[in-house]
Amino acid sequence: MTTLVTGGTGYVGGALVRALRRRGERVRVLARKTSRTEDLVRLGVEIVTGDILDQASVEQALDGCDTLYHVAAIYEFWTPDKALLKRTAVEGTRNVLAAAQAKGIRRVIYTSTSFTIGEPRGQVGNEETPHRGYFVHTYEEAKYRAEQVAQDFARQGLPVVILNPAGIFGPGPLKSVGDLMLRAVTGRQPMLFRGRVSYVYIDDVVQGHLLAAEKGRPGERHILSAYNVDTADFLRETCRLAGVKPPPVGPLFVGRVVANLQELAARLTGRPPDLPRDVVSMLAHGTWVDGSKAERELGLRYTPLEEAIARTLDYYWQQGWLKNKPACLQEGVAARLEIQSGGRQR
């Protein structure tokens, strides 16, 4: 049988597709006409043109499939079209799951986010934590409402397992956390700001998806989160492993001023801000979650933080994004961290 992945051209979906192909599985990806699919085609992935906002195209893509990973979403903390972000999350999820229900799909894995846990400020949330009742940022609201749709389908009998990854980083296209890590180690991040944030390594997120398809119980939620750290400390550790001086840590009110100015400029230029206001709101509130249920029930094993950061820096080095080879890739350190560096030629 064939597995369908929505969002297979994106960061998490792409990593998942590559893992499925390494296991020898037949994989199909639903992609829009404008998506770049050349790398997936080279991997032997079947591409079906469609859109999660078009249920008929999803049903067509599901023909002959027994497993569905619904990963597609707009993962942004700033967008000029917040309505589209919400509609893609909510209506897109409704269309995809309705199509899965109509096709009698055997197993559905839905990728949500740990932001939907909605733990009160200062607390560590888990899968049973009641949502606080208000939203810290637009992305949280969009994904929360989408997850409610998924839970409704689960109550109707659709065999859907919900995954809630924390802030994801690791090799691959630069997204929110990865972009911040790269800016910090290349001197393009002038100041760090404190805030409680949960993180998880991309390989562990992919493994969580595969394990959920094998062992997850329909209707269950599983948080994928390995590290509850202060974001400034996370970035300082990244700089230490890179062998560079970290940016100074500043007060969060400075971040608010910077975010307001950058968003004003973004409205004029269309260029996304490096520090959106929603990110500052997230840092001010804090978000720590407990990912131990995935360890207990799915058998997930998280990568140690130092190794995960080092592997990420290794990828940045291989891509040519760093001027100097990270300190953690030097002989002896790399062996201790089990890093397999390809020794990029310069």
Side-chain angles (χ1 to χ4, degrees), residues 3 5-23 25 27 29 67-77 89 93 107-117 125-127 139-140 143 146-147 150 160-181 197-216 220-229 231 234 238 287-315:
T3 295
V5 179
T6 71
T9 59
Y11 179 33
V12 175
L16 174 61
V17 167
R18 292 189 293 274
L20 289 167
R21 288 297 295 146
R22 285 194 295 269
R23 288 165 35 134
E25 297 193 26
V27 181
V29 166
T67 302
L68 163 67
Y69 293 92
H70 176 38
V71 187
I74 299 175
Y75 177 46
E76 299 290 348
F77 287 94
T93 297
R107 178 58 57 94
V108 179
I109 309 301
Y110 168 59
T111 310
S112 183
T113 171
S114 65
F115 292 126
T116 65
I117 301 303
N126 59 40
E127 290 83 356
Y139 181 71
E140 177 195 348
K143 293 295 283 186
E147 189 175 315
V160 56
V161 180
I162 299 170
L163 298 180
N164 302 86
I168 305 170
F169 70 95
L174 291 174
K175 297 301 292 183
S176 177
V177 179
D179 183 54
L180 183 56
M181 293 171 71
V197 178
S198 296
Y199 297 100
V200 64
Y201 185 53
I202 181 65
D203 289 4
D204 300 340
V205 174
V206 169
Q207 189 63 21
H209 280 69
L210 300 177
L211 289 169
E214 297 172 4
K215 303 178 181 180
E220 289 290 309
R221 307 165 81 195
H222 293 280
I223 295 171
L224 307 179
S225 176
Y227 329 109
N228 286 336
V229 298
T231 190
F234 173 79
T238 300
T287 173
W288 276 7
V289 289
D290 177 3
S292 62
K293 179 181 176 181
E295 292 181 295
R296 295 191 307 272
E297 298 190 5
L298 300 181
L300 180 61
R301 294 294 177 263
Y302 293 113
T303 304
L305 177 59
E306 191 177 40
E307 180 179 339
I309 294 175
R311 290 183 181 277
T312 304
L313 292 172
D314 185 22
Y315 176 79

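The model shown is predicted, which means the values in this text are computed figures rather than measured ones.
- Two residues are said to be in side-chain contact when any heavy atoms from C-beta on lie closer than 4.5 Å; T111 and P165 meet this criterion.
- Atom CD1 in I109 sits 9.5 Å away from atom CG in L210 (nearest 0.5 Å).
- Side chain to side chain, N164 and E147 meet the donor-acceptor criterion of an N or O pair below 3.5 Å.
- One distance of note links NE2 of H70 with CG of L163; it measures 12.5 Å at 0.5 Å rounding.
- The minimum heavy-atom distance between S114 and A166, with the atom names listed, is OG-CA, 3.2 Å.
- Side-chain atoms of R107 never come within 3.5 Å of backbone atoms of T67 as a donor-acceptor pair (strictly under, hydrogens ignored).
- Remark: H209 pairs with no residue by the ring-ring contact (aromatic ring centres under 6.0 Å, His included) rule, at least two apart or across chains.
- Side chains of V177 and I168 form no contact here, defined as non-hydrogen atoms less than 4.5 Å apart.
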- Task: Any chance you could lay out the side-chain contact (heavy atoms from CB on, under 4.5 Å) test for I309 and M181, step after step, and finish with the verdict?
- Result: CA-CA 9 Å; I309 294 175; M181 293 171 71; 4.3 Å; yes
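- Looking at every heavy atom in both residues, I223 comes nearest to Y302 through O-OH, 3.6 Å.
- When all heavy atoms of G170 and T312 are compared, the closest pair comes out as CA-OG1, 3.3 Å.
- Annotation: the span from T287 atom OG1 to E140 atom CD amounts to 8.0 Å, rounded to 0.5 Å.
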- Task: Output, in order, the C-alpha distance, side-chain angles, deciding distance and verdict of side-chain contact (heavy atoms from CB on, under 4.5 Å) for L224 and L300.
- Result: CA-CA 9 Å; L224 307 179; L300 180 61; 3.8 Å; yes
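- For the salt bridge (charged side-chain N to carboxylate O under 4.0 Å, His left out) test, residues two or more places apart in sequence or in another chain that qualify with E25 are R23.
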Quiz: residues 292-299 side-chain donor-acceptor pairs under 3.5 angstrom, not counting sequence neighbours:
from, atom 1, to, atom 2, distance (Å)
S292, OG, D290, OD1, 2.8
S292, OG, D290, OD2, 3.2
S292, OG, R296, NH1, 2.9
K293, NZ, E220, OE1, 2.5
K293, NZ, R221, O, 3.0
E297, OE1, R217, NH2, 3.3

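- Nearest heavy atom pair, residue G8 against residue V17, reads CA-CG2, 4.1 Å.
- Side-chain atoms of T93 and Y110, non-hydrogen and from C-beta on, do get closer than 4.5 Å to each other.
- With sequence neighbours left out, T238 forms a side chain to side chain donor-acceptor pair (under 3.5 Å) with no residue at all.
- Remark: N228 CG to S198 OG distance equals 3.5 Å, nearest 0.5 Å.
- Summarising the geometry, atom CG belonging to L68 is positioned 6.5 Å from atom OG1 belonging to T6; distances are rounded to the nearest 0.5 Å.
- Scored by the ring-ring contact (aromatic ring centres under 6.0 Å, His included) test, F77 finds Y75, F115, H137, Y139 as partners (sequence neighbours excluded).
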- Going through the checks in order, is the side-chain contact (heavy atoms from CB on, under 4.5 Å) test met by I117 and N126? CA-CA 7 Å; I117 301 303; N126 59 40; over 6 Å; no
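- Counting only heavy atoms from C-beta outward, the side chains of V197 and V229 never approach each other to under 4.5 Å.
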Donor-acceptor pairs are to be reported for all side-chain atoms of residues 199-207 against protein atoms at under 3.5 Å, with residues two or more places apart or in another chain.
from, atom 1, to, atom 2, distance (Å)
Y199, OH, T231, OG1, 2.7
D204, OD1, T303, OG1, 3.0
D204, OD2, T303, N, 2.8
D204, OD2, T303, OG1, 3.3

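- Residues F169 and Y227 meet the side-chain proximity criterion, which asks for heavy atoms closer than 4.5 Å.
- By the 4.0 Å N-to-carboxylate-O rule, R311 lies close enough to E307 to be salt-bridged with it.
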